[in-house]
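This report refers to the structure that appears directly beneath it.
Note that the structure is a prediction, hence the values are computed from the model and not measured. Numbers here simply count residues along the sequence, with the first being 1.
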Amino acid sequence: MDIHQGDVHFLQEVLRIAENDPSIVISSVDVSPCCKDGDNYMALVSRVKVRGTRGQDKQEYRRSVVTKQQPASLARREMFRCGPVFRNETAVYSTVIPAFESFFGKMVSLPFPKCLHADHRIRDDIIVLQDLGPYGFTMTDRVMGLDLDHCRLVLQSLARYHAMSLAMKRLDPKTFKKARDSIEEVIYIQDAANLFSVSMENSLKMATESLRVLSGNNGTYDVAIKIINRFSGEVFEIMSELVKPKEPWSVICHGDCWNNNIMFLYRNGQVHDLRLVDLQVARYSSPAIDILHFLYTSTQADLRRQHYEDLLRIYHKTLSETQRRLLEGSPYTSEKEFMTFKELKEEVESHALYGFLNALWLLPAVQADSTKVPDMESLTEDDFYSQENLDRWISHQTPKYRESIRDLLQEYTDRGFL
């Protein structure tokens with residue numbers, strides 16, 4: 001974020017409103033990147049530390065906020081469709097979250113940072129959020145994956161968020177529709193097919209190459225390679241169908257719930273709370289999409305092998321309890337209004353292919369060597385589609401990535417999902 005005088009005045013007004021204190025005067029601003037290279041391709045995320053005074057006696061005032069803007073490079077904006085993505089996130093903060101908060105009050109706490117500005121009528125090129133760092137929230141190592149305690153907290157948070165959709169569309173379908181219609185699918189639409197389909201098809205090639213390397217080309221994984229190649233040329237279309245909403249269980253999803261978009265708070269060495277960030281890909285879809293997206297990008301195979309059903313039960317218990325509380329006193333309190341555990345499992349299994357193909361697509365980034373992330377500012381569209389770029393990604397594959405692909409194939413085969 002390049003700070004100009006107009007930006008300083010804007011931030012000053014945002015903070016005056018957020019703190020209900022018109023006496024705040026900002027005298028200096030310090031800006032630093034909030035993400036490491038490769039962590040966010042679609043937005044420029046900055047930490048902005050402001051200093052100034054407040055009150056008649058000019059007491060020292062300090063505050064840190066996080067700002068999100070579209071990348072400075074117009075080519076990068078167009079290549080990654082940053083405009084639609086930015087508008088989507090703005091809509092979540094300006095419409096969806098306020099609708100839930102207004103309707104349900106304090107019955108359920110939403111797991112998102114406080115938004116200080118997301119109003120396109122005032123300024124449509126920036127989102128200003130609470131900086132979670134000073135409150136002790138931190139990120140985990142994306143490569144290592146999360147343990148059971150972290151997963152429990154994430155799935156409980158997703159379940160409470162999803163329950164608000166299920167309750168509100170029964171209690172006030174008109175208001176819910178307005179909130180739902182404020183967001184749109186930004187990945188699996190025709191306008192994005194040219195960009196993302198190439199990337200998805202390349203992910204199949206990367207996965208099969210990783211299996212060849214693991215086997216030393218001795219044919220050990222030939223069957224697995226054939227399974228992956230079955231989807232060649234069709235990934236984008238398959239995923240587009242899987243994310244389409246189907247009633248009665250569709251909810252407003254986070255859309256991109258994985259390690260790097262979750263910040264945790266610890267107390268006495270134990271994980272205590274979390275916040276979900278990066279709402280760019282919010283969509284109206286099956287709750288299974290969020291569940292599968294999280295499990296197959298942010299956990300290791302051993303944890304899923306031991307606790308897969310436990311994790312689904314944790315989610316289901318919280319979903320049912322929250323929905324029951326939100327619907328209490330309404331006509332919608334009979335058991336038929338609630339998703340049974342059997343129905344949840346069927347919902348997840350019917351969308352299981354999303355978890356598999358999405359993992360193939362995202363694991364190269366999840367398991368990437370942070371020292372070999374490409375310079376996104378200099379990456380052109382030709383580079384993105386080139387064989388040279390694919391070869392570079394393949395050459396940078398880590399042992400952890402190859403093992404993740406092997407384990408993913410084994411798990412999906414064992415569960416009968418492929």
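- Heavy atoms from other residues, nucleotides or ligands lying under 6.0 Å from OH of Tyr135 number 12 at most.
- With hydrogens and angles ignored, the 3.5 Å screen pairs no side-chain donor or acceptor of Glu234 with any backbone N or O of Glu237.
- Between Asp181 and Lys178 there is no salt bridge, since none of the side-chain N atoms of the basic residue sits less than 4.0 Å from a carboxylate O of the acidic one.
- For the pair Thr398 (side chain) and Asp369 (backbone), a donor-acceptor distance under 3.5 Å is absent.
- Contact annotation: the side chain of Val14 never approaches that of Ile17 to less than 4.5 Å [non-hydrogen atoms, C-beta and beyond].
- Ring-plane geometry between Trp361 and Phe196 is classed as perpendicular, the angle between the planes exceeding 60 degrees on a 0 to 90 degree scale with a lower cut at 30.
- Pairing each heavy atom of Gly55 with each of Ser23, the nearest pair is N-OG, 2.7 Å.
- The pair Asp310-Arg313 does not count as a salt bridge, with every side-chain nitrogen at least 4.0 angstrom from each carboxylate oxygen.
- Using the six-membered ring where Trp is involved, Phe112 and His254 have ring planes that are parallel, under 30° apart on the 30 and 60° scheme.
- Remark: side-chain polar atoms of Gln397 are paired, donor with acceptor, to backbone N or O of Met206 under 3.5 angstrom.
- Rounding to the nearest 0.5 angstrom, the gap separating the CG atom in Leu132 from the CG atom in Leu265 is 9.5 Å.
- Salt bridge annotation for Glu184-Arg283: absent, with no cationic side-chain nitrogen under 4.0 angstrom from a carboxylate oxygen.
- Using a 30° and 60° split on the angle between ring planes, His117 and Phe10 fall in the perpendicular class, above 60°.
- Distance CG/Leu326 to CZ/Arg170: 11.5 Å, rounded to 0.5 Å.
- For the pair Asp278 and Lys68, the salt-bridge criterion is met [side-chain N within less than 4.0 Å of a carboxylate O].
- Looking only at side-chain heavy atoms (C-beta outward), Trp258 and Asn260 come within less than 4.5 Å of each other.
- Taking both residues in full, the closest heavy atoms of Tyr284 and Ile252 are given as CD1-N, 3.8 Å, listed atom of the first, atom of the second, then distance.
- For residues 338-354, the side-chain hydrogen bond (donor to acceptor under 3.5 Å, both in side chains) pairs, not counting sequence neighbours, are Ser286-Glu347, His293-Tyr354, Glu309-Lys345, Thr340-Glu343, Lys342-Glu346.
- One finds no salt bridge joining Glu403 and Arg406 here, because no Lys/Arg side-chain nitrogen approaches an Asp/Glu carboxylate oxygen to under 4.0 Å.
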**Message:** Run the ring-ring contact (aromatic ring centres under 6.0 Å, His included) test on Phe137 and His272 for me, step by step, so that the C-alpha distance in whole Å, both residues' side-chain angles and the decisive distance to 0.1 Å come before the verdict.
**Reply:** CA-CA 10 Å; Phe137 287 87; His272 173 74; 9.2 Å; no

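- Judged purely by atom type and a 3.5 angstrom limit, Gln130 uses its side chain to pair as donor or acceptor with the backbone of Lys114.
- The two residues Ser404 and Gln367 make their nearest non-hydrogen contact at OG-NE2, 3.3 Å.
- Remark: Leu129 CG to Arg47 CZ distance equals 11.5 Å, nearest 0.5 Å.
- In this structure, Thr318 contributes its side chain and Ile314 its backbone to a donor-acceptor pair below 3.5 Å.
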**Request:** Apply salt bridge (charged side-chain N to carboxylate O under 4.0 Å, His left out) to the pair Glu247 and Lys169, showing each step before the final yes or no.
**Result:** CA-CA 11 Å; Glu247 299 302 346; Lys169 69 179 174 181; 2.7 Å; yes

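- Applying the side-chain hydrogen bond (donor to acceptor under 3.5 Å, both in side chains) rule to Glu411 yields the partners Tyr296, Arg304, Arg415; only residues at least two apart in sequence or on another chain are considered.
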**Item:** Steps toward side-chain hydrogen bond (donor to acceptor under 3.5 Å, both in side chains) verdict (Asp57, Gln59)
**Value:** CA-CA 6 Å; Asp57 55 354; Gln59 294 178 354; 3.3 Å; yes

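- Aromatic ring orientation, Phe341 versus His316: perpendicular (interplanar angle above 60°, classes split at 30° and 60°).
- For the pair Leu158 and Cys257, the minimum side-chain heavy-atom distance is below 4.5 Å.
- Contact of the Asn259 side chain with the Thr297 side chain is not registered, since no non-hydrogen atoms from C-beta on lie closer than 4.5 Å.
- Without hydrogens or angle criteria, Gln280 side chain to Glu89 main chain gives no donor-acceptor distance under 3.5 Å.
- Here the straight-line distance linking atom CD1 of Ile228 with atom CG of Leu357 works out to 9.5 Å at 0.5 Å rounding.
- The minimum heavy-atom distance linking Leu204 with Val235 is given by the pair CD1-CG2, 3.6 Å.
- For the pair Asn261 (side chain) and Leu276 (backbone), a donor-acceptor distance under 3.5 Å is absent.
- For Asp172, the side-chain contact (heavy atoms from CB on, under 4.5 Å) partners at least two apart in sequence or on another chain are Phe103, Lys174, Thr175.
- The environment of CG in Asp141 is crowded: more than 12 heavy-atom neighbours from other residues, nucleotides or ligands sit within 6.0 Å.
- Between the Ser298 side chain and the Leu295 main chain, no donor and acceptor come within less than 3.5 Å of each other.
- Side-chain contact check for Asp302 and Gln306: no donor-acceptor pair (N or O, by modelled atom type) lies under 3.5 Å.
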**Request:** Output, in order, the C-alpha distance, side-chain angles, deciding distance and verdict of salt bridge (charged side-chain N to carboxylate O under 4.0 Å, His left out) for Arg123 and Asp7.
**Result:** CA-CA 11 Å; Arg123 183 166 167 178; Asp7 295 318; 2.7 Å; yes

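- Side-chain contact between Val128 and Cys115: absent, with no pair of heavy atoms (C-beta onward) separated by less than 4.5 Å.
- Geometrically, Arg54 does not engage Tyr61 in a cation-pi contact defined by less than 6.0 Å to the ring centre and at most 45° from the axis.
- Between the OG1 atom of Thr140 and the CD1 atom of Ile262 there is a distance of 7.0 Å, given to the nearest 0.5 Å.
- When all heavy atoms are compared, the tightest approach of Cys151 to Leu303 is SG-CD2, 4.1 Å.
- Salt-bridge annotation for Glu201 and Lys205: absent, with no side-chain N of the basic residue lying under 4.0 Å from a carboxylate O of the acidic one.
- Checked by atom type and distance alone, the side chain of Thr333 never pairs as donor or acceptor with a backbone atom of Glu328 at under 3.5 Å.
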**Candidate pair Tyr188 and Phe236, rule ring-ring contact (aromatic ring centres under 6.0 Å, His included), full reasoning** = CA-CA 7 Å; Tyr188 298 107; Phe236 189 85; 5.6 Å; yes

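- In this structure, Val281 and Asn88 have side chains that are not in contact, with every pair of non-hydrogen atoms separated by 4.5 Å or more.
- For Lys400, the NZ atom sits in a packed shell: over 12 heavy atoms of surrounding residues, nucleotides or ligands are nearer than 6.0 Å.
- Applying the 6.0 Å contact sphere to CD of Gln56 captures no more than 12 heavy atoms from other residues, nucleotides or ligands.
- Figure legend: cation-pi geometry between Arg324 and Phe338, with NZ or CZ positioned under 6.0 Å from the six-membered ring centre and within 45° of its axis.
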**Asked** Passes salt bridge (charged side-chain N to carboxylate O under 4.0 Å, His left out), Glu19 versus Arg63? Steps please.
**Response** CA-CA 11 Å; Glu19 302 200 22; Arg63 177 97 185 236; 2.7 Å; yes

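- For the pair Arg180 (side chain) and Ser165 (backbone), a donor-acceptor distance under 3.5 Å is absent.
- If you take CG on Leu390 and CG on Asn202, they are separated by 4.5 Å, rounding to the nearest 0.5 Å.
- Between Val348 and Tyr308 the shortest heavy-atom distance is CG1-OH, 3.4 Å.
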